[in-house]
Amino acid sequence: MNVGELDILLVEDNQDDMDLALHALRRGNLANNIFVVRDGEEALDFLFCRGAYADRSFALPPKLVLLDLKLPKIDGMEVLKQAKGDTRTRTIPIVIMTSSKEERDLAESYKLGVNSYIQKPVDFDQFRDTVKSVGLYWLVTNQAPVADGSKQLAGATHDPR
Amino acid sequence: MKPIRQVLLADGNPADSGPALEALTGGRFQSCGMSGDAPIEAKLQRRITGGFMVAVLLTFLMGFSSWRNARLAVDDAGWVSHTYAVMDAIELTSKHVIEVETSARTFALTGQDPLLSHYETVRRTVAAGVDALRHLAADNPNQQQRLDVLEPQVRAALDLAESMVIKRRQRHAVPGARDILETERLMDAVHATTEEMRAEEMRLLIRRTQRTETGRRLTSLIIVAGILVGAGSLALARLAVNREIDVSARGRAQVVTLNAELEQRVEQRTAALESEIAVRQRAEDVLREQAQVLDSAQVFVRDMESRVVFWPRGAERLYGFNAQEALGILSHDLFHTQFPEPLEIIEKKLLETGTWEGELIHRKRDGGIIVVSSAWVLHRDSQGRPVRILETNIDITARKQAQQRLAVQAEELARSRQELETQTLMLQSVLDSMAEGLVAADETGKFVLWNTAAEKILGMGAANLAPQGWTEHFGLFLNDTVTPFPSEQLPLVRAIRGEANTSEMFVRNHKLVEGAWIEVSAGPRKSKDGVVCGGVAAFRDITQRKADVRQIQELNDELELRVAERTAQLRAANKELEAFSYSVSHDLRAPLRHISGFSKLLTEEFGPTLDPGAQHYLDRIQAGTQKMGLLVDELLNLAKVGRHALNAHPAELNSVVADVIAILEPDIQGREVQWVIADLPLVDCDPVLVRQIFQNLLANALKFSRARAPAVIQVSHQEDTEDGQPVFMVRDNGIGFNMKYVDKLFGVFQRLHRPEDFEGTGIGLATVQRIVQKHGGRVWAEGEVDKGAAFYFTLGAGKQAGSKSNAATAGGQS
């Protein structure tokens, strides 16, 4: 898979959540370069450019990772831990978007270096607003560090719709 | 020699010796009281002296006789030899005269010279011989006379011889016949004279020899007689000595016997005298006593009308009245007599029996009251008529008082003794009924107390042995049940040393084969002055307790094991609950979100095409999801409070309240709300949780005072309460509540109002209660319908005892 410049990596196993998140992002005009993976293992392969994503380059990291915690195979916390524990991926902003408001998860996430922690509101309007503002902040407002290598535009954009 | 003389004397008069001895001994016996028997002794002395004189005289006589005879014999022998010497001299003279004559005549005839020299020699010898003869016979006048005759005859012979010698020599004349005849005649004369002298001497010799012989015979006779007398005397002396020895022995024996008798008699006499003296002394004592009694016995006499007729000094001494005052006075009036029974009865008795005795109370002259022991004796005259009464009164007041005192004392004594007995009995029964063994020992380790429980617990009674033997005797062991308990460390031994102590030990002996555990407390026993005088040990059988403790320990261990298991199970369950909460949080909320999201999308994207009924249902779905979202969030919040670790520190509550009011601002919009916030103290609490309290209470206050204008919401506190905790209060003037439902206020999902009137989940106050309890505080409410409600709570910060169980059982997540 040849992946060019990517805005958002959405890690979400739940189809409904994924649809609603993508809907919200789309409403916020942030859905142009979104790639979705469905479990922790795939997320790690993607981030570390291996397995199915071996052709990816560390030089073109996603601008934002929206990470669910409860994931099949490898959970979100482990993904966070590995991503933040490796110098190649440490600078990638990771925002946890989860149903859990467990203090333990919250504390653990921040300890591991999460950039933001958001509980998904039940109310869809609130959810939509939250997703939109997070996307805007990290993709537009926030100034990312200058990445190595030439900037390549992604050849293909995953859009499930 | 003296006793012999004495015995000789006694022997001479044997009959005298016995009486003499008796007299002697008798004299000695009597010597203590009388003088000695001087006449008898003098007589004896005289006899002894006389005997002695006779014996001396006899001896002298015998000696003198012998001496004289010897002397006479010697004299006679002298005289005999003298006679022989005289005779020899006569012979010699005669012979020499003859030789002179012969030689002279021969010479005259022959003329030979040698003869002349011989003649000359003999002539000188004859002259000397005649002189010697004269000297020898000087003692004999007869011989002297004859010598006077002889001497001229010799001289004539010698002269003739001389004349012949001279004639021859001068004329050589030869003697003629005449001369020869003359010579012959002279010679014969001389011869005759000498013969006479010799005959005289012979007579003398014979006479002297005879006399000597007689003297010798007499001497022998005397000596023989002396020897015989001496031997006889010795024999007599021996006899007498033996007799004397016998007599003396008899006498000594008699003396001893008599002495013994005498001493016995002296002793008897002495004893008799002593007893006599004692009797006399007793008699004297009795007399003295009687005199004293008589002296102190107060007697007086009255007539039959009781008038005093005789009043001796004794009575005066007793009563103080003198005779003048007493005589003639009625005695009962005088003494103000109080009788033990009516006087009539007394007098009747007196008349019947002649005597009466009893105790009376009298008054003395000085007013003093005395008790007397009174004895009345009735005197009758010769006709038997009663005339006098002799009344003897002895003052027994002191005795009575003493008796009373004694009685009181005796009573007290009896009472205290009874008390003591009661106490002793009680103590004994207490000691015996005690479940605890109690033993006491004195300072030497001798047991002085050993109650029944002690015997029961130890299996045996007190032993009379030294403390060193206790361990072995009673079988006392250390906690390992095999090492003998060191004697010097035994509790009672230490107590006797003055140390109070407590220890446990194991007892096993032949009576307690199974053994028993005892716990012993011992302390020193002290005397009044605080000196340790022994020890007391109390002990009880703790075998059962030990077993119980062991069982409890086992149960505890088992329990702990079970607790650990249960804890592990709980942990697992908690984990499961956490997982469940997580699932609720994640999995339940997710579908809610989806329902909410998709229904929203449906409305947004297909709204215009839906008919109004469908649109309404979609709205209801939206509302339901929102409500459920709220419920889930609050439930998880409640669970989270339980799991929240209390982080208490002094916190400023006013700022907390201000924060909460700020958060509630949206709810206040368009309403008139009056906040009355007091100055709240700094308290130890977890402000995160306390914020939730105020948030819930203030939200409720706002909610239920919605209809009020103005709504008055008051936050204050009271400092002083029963448990010293400040009480915080949140009061509103809202709709209030009925106090009969007050119990339901703090239950989960409990609501007092319909949801369409007041929204809410029924979890808020349950959360408040959980937080307050977590702080160790209390929460309660007061209210009245339409009159508002007040909620009170305390924060016993730091009191987390109750909170742990909450933490353990509560779980959950929003």
Side-chain angles (χ1 to χ4, degrees), chain A residues 10-28 31 38-40 66-72 74-80 96-109 117-132 134 160-161, chain B residues 574-575 577-605 607 618-619 621-645 647 686 688-689 692 761 807 811-814:
Chain A
L10 177 63
V11 188
E12 179 62 78
D13 66 318
N14 187 290
Q15 184 70 51
D16 292 337
D17 273 326
M18 187 186 76
D19 287 350
L20 288 172
L22 286 174
H23 182 89
L25 289 169
R26 207 179 294 128
R27 272 289 182 89
R38 305 298 298 273
D39 60 47
L66 291 173
L67 180 64
D68 193 6
L69 282 180
K70 203 176 178 220
L71 294 169
I74 295 172
D75 71 10
M77 205 60 82
E78 183 61 29
V79 173
L80 175 69
I96 286 175
M97 277 217 315
T98 178
S99 299
S100 167
K101 217 175 112 184
E102 276 294 304
E103 281 175 14
R104 198 183 54 192
D105 290 343
L106 202 64
E108 182 70 13
S109 302
Y117 189 102
I118 290 162
Q119 189 191 24
K120 296 172 191 167
V122 173
D123 184 78
F124 184 65
D125 287 337
Q126 284 181 31
F127 176 72
R128 203 154 44 189
D129 290 347
T130 304
V131 170
K132 188 180 165 184
V134 164
R161 297 293 151 109
Chain B
N574 219 18
K575 267 199 162 151
L577 266 176
E578 281 175 25
F580 173 74
S581 298
Y582 199 86
S583 295
V584 166
S585 169
H586 194 269
D587 298 346
L588 208 60
R589 282 169 56 97
L592 264 178
R593 244 184 5 256
H594 302 155
I595 294 165
S596 171
F598 288 118
S599 61
K600 196 83 179 179
L601 287 177
L602 191 63
T603 307
E604 286 177 5
E605 291 178 11
L618 282 173
D619 289 345
I621 289 169
Q622 274 298 313
T625 54
Q626 275 176 8
K627 178 108 179 280
M628 190 169 169
L630 194 67
L631 256 175
V632 167
D633 282 351
E634 288 209 356
L635 264 178
L636 289 177
N637 191 42
L638 177 63
K640 231 164 74 177
V641 166
R643 292 166 62 200
H644 182 87
N647 180 24
D686 188 332
V688 174
L689 295 177
Q692 285 195 41
T761 57
Q813 123 183 26
S814 55

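The structure presented is a predicted model; accordingly, all values stated were derived computationally and were not measured. Residue numbers start from 1 in every chain, and the chains themselves are labelled A, B, ... in the order their sequence lines are given, proteins ahead of strands.
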Asker: Starting from the C-alpha separation in whole Å, work towards a yes-or-no answer on side chain to side chain contact (heavy atoms under 4.5 Å, CB included) for Thr625(B) and Phe124(A).
Answerer: CA-CA 10 Å; Thr625(B) 54; Phe124(A) 184 65; over 6 Å; no

Asker: For residues Val122(A) and Leu592(B), report the shortest heavy-atom separation together with the two atoms involved.
Answerer: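 Result for this residue pair: CG1-CB, 3.8 Å.
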
Asker: To the closest 0.5 Å, what do you measure between CZ (Phe598(B)) and CG (Asp16(A))?
Answerer: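 The distance works out to 4.5 Å.
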
Asker: Mind checking the CD-CD spacing from Gln626(B) to Gln126(A)? Nearest 0.5 Å is all I need.
Answerer: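 Gln626(B) CD to Gln126(A) CD: 8.0 Å, rounded to 0.5 Å.
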
Asker: Which residues satisfy the ring-ring contact (aromatic ring centres under 6.0 Å, His included) test with His594(B), sequence neighbours excluded?
Answerer: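 His594(B) satisfies ring-ring contact (aromatic ring centres under 6.0 Å, His included) with no residue once adjacent residues are dropped.
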
Asker: Checking Asp125(A) now: which residues fulfil side chain to side chain contact (heavy atoms under 4.5 Å, CB included) with it, not counting sequence neighbours?
Answerer: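 Partners of Asp125(A) under the side chain to side chain contact (heavy atoms under 4.5 Å, CB included) test: Asp123(A), Arg128(A), Lys600(B), Glu604(B).
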
